[in-house]
Amino acid sequence: MVLPRFDLETFLAAIENHRITGLYVAPPIVLALAKHPAVAQYDLSSLKYIISAAAPSTRTSPPPAHGAWACRPWARRTA
């Protein structure tokens with residue numbers, strides 16, 4: 001699914017409603033998924049993987065299954 005303009009709530013609703021299994025996103029979206037409180041209001045259990053590229057990540061971006069990601073039921077370490 002492609003959204004004409006990024007909006008976190010619309011993005012989260014699309015994942016939940018369409019049972020999205022994989023994401024290809026830029027690091028700022030990874031950071032939003034890890035830290036934004038709205039994420040907890042959506043069922044993201046369909047997600048199996050997240051691939052992040054296209055911009056440098058920083059030390060403040062938590063790696064999958066660490067920090068804030070560890071409390072997400074859909075976050076699993078794959079490597």
Side-chain angles (χ1 to χ4, degrees):
M1 171 175 230
V2 177
L3 300 173
R5 182 176 163 195
F6 183 78
D7 173 76
L8 184 62
E9 299 267 342
T10 303
F11 180 70
L12 295 169
I15 294 169
E16 180 179 71
N17 295 335
H18 297 285
R19 305 297 298 156
I20 304 295
T21 58
L23 298 176
Y24 297 87
V25 295
I29 296 175
V30 173
L31 192 58
L33 290 171
K35 293 188 172 189
H36 200 284
V39 174
Q41 299 171 11
Y42 294 88
D43 176 11
L44 305 181
S45 63
S46 64
L47 284 175
K48 296 186 186 306
Y49 63 91
I50 299 173
I51 296 175
S52 180
S57 59
T58 65
R59 292 198 183 277
T60 59
S61 298
H66 290 108
W69 286 67
C71 65
R72 307 282 188 230
W74 47 267
R76 293 184 197 93
R77 182 184 296 220
T78 59

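No hydrogens, no waters, no symmetry mates; every other heavy atom, side chains included, goes into these values.
- Side-chain atoms of L23 and I29, non-hydrogen and from C-beta on, never get closer than 4.5 Å to each other.
- Interatomic distance, CD1 of I15 versus OG1 of T21, reported as 10.5 Å (0.5 Å rounding).
- Here the side chains of E16 and S46 are not in contact, with every heavy-atom distance at 4.5 Å or above.
- With values rounded to the nearest 0.5 angstrom, H36 atom NE2 is found 6.5 Å from E9 atom CD.
- Between the OH atom of Y42 and the CG atom of L8 there is a distance of 8.0 Å, given to the nearest 0.5 Å.
- Here the closest heavy-atom approach between residue P27 and residue S52 is recorded as N-OG, 3.4 Å.
- Checked by atom type and distance alone, the side chain of H18 never pairs as donor or acceptor with a backbone atom of I20 at under 3.5 Å.
- Taking all atoms of both residues into account, the shortest heavy-atom contact from I50 to V30 is CG2-CG2, 4.4 Å.
- A continuous path of Ile, Leu, Val, Met, Phe, Trp and Tyr side chains, each step under 4.5 Å between heavy atoms, connects F6 with L33, placing both in one hydrophobic cluster.
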